[in-house]
Amino acid sequence: MSLITVSKLGKAHGAHQALAEVDMTIDKGEIVTIVGPNGSGKTTLLRCIIGALRPDSGSVSRAPGLRIGYVPQSLAIDPTLPLTVNRFLSLPRRRTRPAIGAALARAGVPGLEERQMSALSGGQFQRALLARALLEEPDLLILDEPTTGLDQPGAADLYRQIEQVRTQTGAAVLMVSHDLHVVMSASDRVVCLNGHVCCHGTPETVASAPEYRALFGTGTHGALALYRHAHDHHHHHDHGALDDPHA
């Protein structure tokens with residue numbers, strides 16, 4: 001039984017057909033990444049999957065009792081508002097100290113409880129959002145461009161953290177990403193979207209698909225070299241491989 005089954009999904013915004021005939025599934029424990037140019041319907045698809053938008057045609061079915069943890073693309077917090085990480089993680093629902101501590105540790109930022117949200121770096125802020133989603137004990141973690149504003153090593157670190165979360169919790173992960181080069185190494189499957197599903201499959205399959213090349217140019221050799229690189233180096237902790245100036 002898939003966690004999510006999207007079938008012949010269509011969604012229009014006014015006269016603009018954002019999505020047409022989209023089919024995809026997410027199975028237990030897998031990391032699926034949606035890539036596509038701006039305006040390709042990625043966020044619309046996420047919102048349909050979460051249930052925030054109703055499709056015009058087709059359907060989204062969720063496994064019974066499915067718990068989703070959602071990490072938004074960004075969150076504007078008034079910098080003049082005193083808000084500790086601890087308090088932020090207790091909105092909208094009170095959380096126990098041990099639960100908060102465990103979620104922060106799992107998100108890779110243990111001990112951040114008393115820091116002000118406004119004082120966090122970009123990477124710490126994203127991890128605080130990740131911790132908040134993990135408090136839901138999700139079966140499926142959904143992240144909308146989680147590395148916006150992070151540099152490439154920072155992005156690579158966050159993807160490694162997400163892989164670890166999957167390993168530790170068994171949660172499936174659905175990500176929307178622009179970071180083609182980095183995200184390839186963290187995905188089991190990639191769905192290339194441009195209003196419809198252009199191609200999907202393993203990172204290798206997608207990176208060599210002509211439809212993908214047509215959308216993203218031919219600089220995708222870098223993505224695959226990096227993909228192999230990242231996998232070769234996972235065992236050596238040599239993260240320099242991910243910081244490739246030519247990527």
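Quick caveat, the model's predicted, so the values are computed rather than measured.
If you take CD1 on I77 and CZ on F125, they are separated by 4.0 Å, rounding to the nearest 0.5 Å. The CD1 atom of I26 lies 12.0 Å from the CD1 atom of I31; values are rounded to the nearest 0.5 Å. Distance check, rounded to the nearest 0.5 Å: CG of L112 to CZ of F88 gives 11.5 Å. Between the NE2 atom in H200 and the SG atom in C192 there is a gap of 11.0 Å [rounded to 0.5 Å]. Summarising the geometry, atom CG belonging to N86 is positioned 10.0 Å from atom CG belonging to L91; distances are rounded to the nearest 0.5 Å. For the atom pair CG (L193) and OG1 (T44), the distance works out to 9.0 Å, reported to the nearest 0.5 Å.
Between T202 and R189 the shortest side-chain heavy-atom distance does not fall below 4.5 Å. The side-chain heavy atoms of S57 and K8, taken from C-beta on, include no pair separated by under 4.5 Å. For the pair V6 and D23, the minimum side-chain heavy-atom distance is 4.5 Å or more. By the 4.5 Å heavy-atom criterion applied to side chains, L3 and D27 are not counted as neighbours. A 4.5 Å side-chain heavy-atom check between P203 and V206 finds every atom pair outside the cut-off. You'll find the side chain of Q126 reaches within 4.5 Å of the side chain of L158, heavy atoms only. L9 places a side-chain heavy atom less than 4.5 Å from the side chain of C48. Between R160 and E163 the shortest side-chain heavy-atom distance falls below 4.5 Å.
Although no hydrogens or angles enter the test, the distance criterion places a donor-acceptor pair under 3.5 Å between the side chain of H196 and the main chain of N194. Judged by distance alone, with hydrogens and angles left aside, the side-chain atoms of R166 form a donor-acceptor pair with the main-chain N or O of G29 at under 3.5 Å. Looking at E30, its side chain never comes within 3.5 Å of a backbone N or O of D188 through a donor-acceptor pair. For the pair K42 (side chain) and P37 (backbone), a donor-acceptor distance under 3.5 Å is present. Panel note: side chain Q164, backbone A107; no donor-acceptor pair is recorded below 3.5 Å. With hydrogens and angles disregarded, no donor-acceptor distance shorter than 3.5 Å links the side chain of S2 to the backbone of T5. Between the side chain of T205 and the backbone N or O of G201 there is no donor-acceptor pair closer than 3.5 Å. S121 places a side-chain N or O within 3.5 Å of a backbone atom of Q124 that can act as its donor or acceptor partner. Put simply, the side chain of T169 gets close to the backbone of A171: a donor and an acceptor are under 3.5 Å apart. Using a distance-only test at 3.5 Å, with no hydrogens or angles considered, a donor-acceptor pair links the side chain of K11 to the main chain of R54.
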ask   = Going through the checks in order, is the side chain to side chain contact (heavy atoms under 4.5 Å, CB included) test met by S90 and I100?
value = CA-CA 8 Å; S90 270; I100 285 174; 3.8 Å; yes
inquiry  = R127 vs V85, test: side chain to side chain contact (heavy atoms under 4.5 Å, CB included). Steps then yes/no.
reply    = CA-CA 11 Å; R127 284 176 174 76; V85 170; over 6 Å; no
task = Show your reasoning for whether side chain to side chain donor-acceptor pair (under 3.5 Å) applies to S177 and Y159.
result = CA-CA 11 Å; S177 181; Y159 289 130; 3.0 Å; yes
query = Going through the distances and angles, do D78 and T80 end up as a side chain to side chain donor-acceptor pair (under 3.5 Å)?
reply = CA-CA 5 Å; D78 179 349; T80 62; 2.7 Å; yes
key: Test log, rule side chain to side chain contact (heavy atoms under 4.5 Å, CB included), inputs V60 and I4   = CA-CA 7 Å; V60 175; I4 299 277; 4.3 Å; yes
query = Is there a side chain to side chain contact (heavy atoms under 4.5 Å, CB included) between R132 and L75 once you walk through the steps?
reply = CA-CA 12 Å; R132 190 174 176 202; L75 194 61; 4.1 Å; yes
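In the hydrophobic cluster analysis, where Ile, Leu, Val, Met, Phe, Trp and Tyr join through side-chain heavy atoms closer than 4.5 angstrom, V71 is grouped apart from L66. Placement of L130 and L135 within a single hydrophobic cluster is found when ILVMFWY residues are connected by side-chain heavy-atom separations under 4.5 Å, directly or transitively. I142 and V22 end up in the same hydrophobic cluster when Ile, Leu, Val, Met, Phe, Trp and Tyr side chains are linked at under 4.5 Å. The hydrophobic clustering, which links ILVMFWY residues whose side-chain heavy atoms are closer than 4.5 Å, places V165 and L150 together. No path of Ile, Leu, Val, Met, Phe, Trp and Tyr side chains, each step under 4.5 Å between heavy atoms, connects L53 with I68, placing them in separate hydrophobic clusters.
The shortest non-hydrogen separation linking L141 to A133 is CD1-CB, 3.7 Å. Nearest heavy-atom pair, P146 versus M175, reported as atom, atom and distance to 0.1 Å: CG-SD, 4.3 Å. Closest heavy-atom contact between L134 and A103: CD1-O, 4.2 Å. For the pair V35 and Y212, the tightest heavy-atom approach, listed with the atom from each and the gap, is CG2-CE1, 4.3 Å. L174 approaches L140 most closely through the heavy-atom pair N-CD1, 4.0 Å. Counting all heavy atoms, side chain and backbone alike, L120 lies closest to R115 at CD2-CB, 4.0 Å.
Under the 4.0 Å criterion applied to side-chain N and carboxylate O atoms, R95 and E137 are not assigned as salt-bridge partners. Between R97 and E114, at least one side-chain N (NZ, or NE/NH1/NH2) sits under 4.0 Å from a carboxylate O, which counts as a salt bridge. Between E136 and R93, at least one side-chain N (NZ, or NE/NH1/NH2) sits under 4.0 Å from a carboxylate O, which counts as a salt bridge. Between D144 and R47, none of the side-chain N atoms (NZ, or NE/NH1/NH2) sits under 4.0 Å from a carboxylate O, so this pair counts as no salt bridge.
Counting non-hydrogen atoms of neighbouring residues, nucleotides and ligands closer than 6.0 angstrom, the CZ atom of R67 exceeds 12 such neighbours.
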